[in-house]
Amino acid sequence: MLFFGAVALTVVGLVVACIGWRGRRIDDHPVCRGCGFDLYGLSHNNEHCPECGRQVGVVRSVRTGNRKRRPALIALGVMLMLIAVGGGAVDQWAHLSEVNWHAH
């Protein structure tokens with residue numbers, strides 16, 4: 001039963017770490033998907049990113065909003081995963097120490 005709790009805690013930790021890695025949106029500027037260059041103030045007749053040269057007039061070549069990572073959420077997610085893995089390892093060690101290995 002502890003195994004399922006450890007798996008659930010690992011999944012929660014992974015989700016929290018992914019949310020922290022993705023970050024929160026801090027503005028609504030257009031950003032190049034290729035290099036992450038902020039395209040705010042770029043004239044409308046400019047069809048290429050000035051940083052990497054990617055076409056910005058193509059569908060899904062520009063995303064909206066710069067993002068800032070959340071290091072506290074990343075750390076929390078990693079700690080939850082470490083606690084889950086440590087607890088699962090202790091549980092498995094206790095289970096495996098009860099096995100009579102000489103009989104096998």
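- Nearest heavy atom pair, residue Leu39 against residue Pro50, reads CD2-CD, 4.0 Å.
- Shown here are the side chain to side chain contact (heavy atoms under 4.5 Å, CB included) partners of Leu96, two or more places apart in sequence or in another chain: Trp101.
- The hydrophobic cluster containing Val85, built from Ile/Leu/Val/Met/Phe/Trp/Tyr side-chain heavy atoms closer than 4.5 Å, comprises no other residue.
- The shortest distance between side-chain heavy atoms of Lys68 and Arg25 does not fall below 4.5 Å.
- Rounded to the nearest 0.5 Å, atoms CD (Glu51) and SG (Cys35) are 5.0 Å apart.
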Cut-off 3.5 Å, no hydrogens considered: what does the side-chain donor-acceptor table look like for residues 5-24, sequence neighbours left out?
from	atom 1	to	atom 2	distance (Å)
Thr10	OG1	Ala6	O	2.7

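- For residues 49-92, no residue pair satisfies the ring pair (Phe, Tyr, Trp, His ring centres under 6.0 Å) rule, not counting sequence neighbours.
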Using a 3.5 Å cut-off and no angle test, enumerate the donor-acceptor pairs between side-chain atoms of residues 55-65 and protein atoms at least two apart in sequence or in another chain.
from	atom 1	to	atom 2	distance (Å)
Ser61	OG	Gln55	O	3.2
Ser61	OG	Val56	O	3.2
Ser61	OG	Val58	O	2.7
Arg63	NH1	Gly65	O	2.7

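- A 4.5 Å side-chain heavy-atom check between Asn66 and His29 finds at least one atom pair inside the cut-off.
- The side chain to side chain contact (heavy atoms under 4.5 Å, CB included) test applied to Asn46 returns Leu42, Ser43, His48, not counting sequence neighbours.
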